[in-house]
Enquirer: 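Please see the structure below; I have some questions.
If you're wondering where the values come from, they're calculated on a predicted model, not measured in any experiment.
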Amino acid sequence: MTHKFTEDHEWIAVQGDTATVGITQHAQDALGDVVFVELPEVGKSYAQKETAGVVESVKAAADVYMPVSGEITEVNEALRDDPSLANSDPMGAGWFFKVKLSNAGEVAALMDEAAYKAFAA
């Protein structure tokens with residue numbers, strides 16, 4: 001599964017017409033210990049770059065933006081119960097939500113891993 005990245009430090013992994021979204025290792029490093037996440041509502045649709053959630057750490061609060069337009073199909077309830085998953089496994093068990101893509105073309109415009117690493121350096 002290929003990951004794409006945004007300038008706001010979200011990652012997205014697409015499978016078919018659905019994508020999983022979370023925050024990057026860089027984002028969790030910058031935030032520090034995550035203590036709370038606010039996840040979007042299942043069934044709600046968002047436009048690309050719209051705020052879909054919030055992640056709060058001991059240092060700061062940051063918005064989580066939609067990397068692509070679409071409808072929320074699932075949220076990570078485990079993350080709600082244990083926000084530290086966003087620190088311990090941000091690219092895996094610490095995912096935030098899944099979205100049904102409404103415009104698959106938006107994915108192509110996002111950064112690949114090499115471009116993101118250069119951007120985040």
Enquirer: Would you list the pairs meeting ring pair (Phe, Tyr, Trp, His ring centres under 6.0 Å) in which at least one residue belongs to residues 66-103, sequence neighbours left out?
Expert: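 Sorted pair list comes back empty.
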Enquirer: Using the rule that Ile, Leu, Val, Met, Phe, Trp and Tyr join whenever any side-chain heavy atoms are under 4.5 Å apart, tell me whether F5 and V14 fall into a single cluster.
Expert: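 The answer is no; the residues belong to distinct hydrophobic clusters.
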Enquirer: Does a side-chain heavy-atom distance below 4.5 Å link L101 with S69?
Expert: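 Not in contact.
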Enquirer: Give every donor-acceptor pair under 3.5 Å between a side-chain atom in residues 80-88 and any protein atom, sequence neighbours left out.
Expert:
residue: R80; atom: NE; partner: E77; partner atom: OE1; Å: 2.8
residue: R80; atom: NH2; partner: E77; partner atom: OE2; Å: 3.3
residue: D82; atom: OD1; partner: S84; partner atom: N; Å: 3.4
residue: D82; atom: OD1; partner: S84; partner atom: OG; Å: 2.5
residue: N87; atom: OD1; partner: V34; partner atom: N; Å: 2.7
residue: N87; atom: ND2; partner: Q28; partner atom: OE1; Å: 2.7
residue: N87; atom: ND2; partner: G32; partner atom: O; Å: 2.8
residue: S88; atom: OG; partner: S84; partner atom: O; Å: 3.4

Enquirer: Could you check V99 against M66 for side chain to side chain contact (heavy atoms under 4.5 Å, CB included), going step by step and ending with a plain yes or no?
Expert: CA-CA 9 Å; V99 58; M66 286 293 285; 3.6 Å; yes
Enquirer: Got a sec, which pairs hit salt bridge (Lys or Arg N to Asp or Glu O under 4.0 Å) with one end in residues 28-43, sequence neighbours left out?
Expert: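 Sorted result for residues 28-43: empty, none.
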Enquirer: Quick one: do T18 and T73 satisfy side chain to side chain contact (heavy atoms under 4.5 Å, CB included)? Show the steps, please.
Expert: CA-CA 8 Å; T18 303; T73 58; 4.3 Å; yes
Enquirer: Spell out, yes or no, whether I23 and V21 are grouped together once hydrophobic residues are joined by side-chain heavy atoms under 4.5 Å, including indirect joins.
Expert: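 Yes, same cluster.
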Enquirer: List the steps and the verdict of side chain to side chain contact (heavy atoms under 4.5 Å, CB included) for Y46 and I72.
Expert: CA-CA 8 Å; Y46 292 88; I72 303 299; 3.6 Å; yes
Enquirer: How would you list, by chain and number, every residue that makes a salt bridge (charged side-chain N to carboxylate O under 4.0 Å, His left out) with D17, sequence neighbours excluded?
Expert: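 Counting only residues at least two positions away or on another chain, D17 forms a salt bridge (charged side-chain N to carboxylate O under 4.0 Å, His left out) with K100.
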Enquirer: Would you indicate whether the side-chain heavy atoms of V68 and I12 approach each other to under 4.5 Å?
Expert: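 I12 vs V68: side chains touch.
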Enquirer: Sequence neighbours left out, cut at 3.5 Å: what donor-acceptor pairs do the side chains of residues 52-65 make with other protein atoms?
Expert:
residue: S57; atom: OG; partner: L31; partner atom: O; Å: 2.6
residue: S57; atom: OG; partner: K59; partner atom: N; Å: 3.1
residue: S57; atom: OG; partner: A60; partner atom: N; Å: 3.1
residue: S57; atom: OG; partner: A60; partner atom: O; Å: 3.2
residue: K59; atom: NZ; partner: A30; partner atom: O; Å: 3.4

Enquirer: Atom CD of E106 and atom NZ of K4: how far apart are they, to the nearest 0.5 Å?
Expert: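 Between atom CD of E106 and atom NZ of K4 there are 12.5 Å.
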Enquirer: Please tabulate, for side-chain N and O atoms in residues 107-121, each donor-acceptor pair with protein atoms closer than 3.5 Å (sequence neighbours left out).
Expert:
residue: D112; atom: OD1; partner: A114; partner atom: N; Å: 3.3
residue: D112; atom: OD1; partner: A115; partner atom: N; Å: 2.8
residue: Y116; atom: OH; partner: H9; partner atom: ND1; Å: 2.6
residue: Y116; atom: OH; partner: T24; partner atom: OG1; Å: 2.8

Enquirer: Looking at E10, is its backbone amide N or carbonyl O close enough to the side chain of D8 to form a donor-acceptor pair, meaning the two atoms are under 3.5 Å apart?
Expert: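 Absent.
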Enquirer: Tell me yes or no: between the side chains of S102 and E71, is some donor less than 3.5 Å from an acceptor?
Expert: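 No, no side-chain donor-acceptor contact under 3.5 Å.
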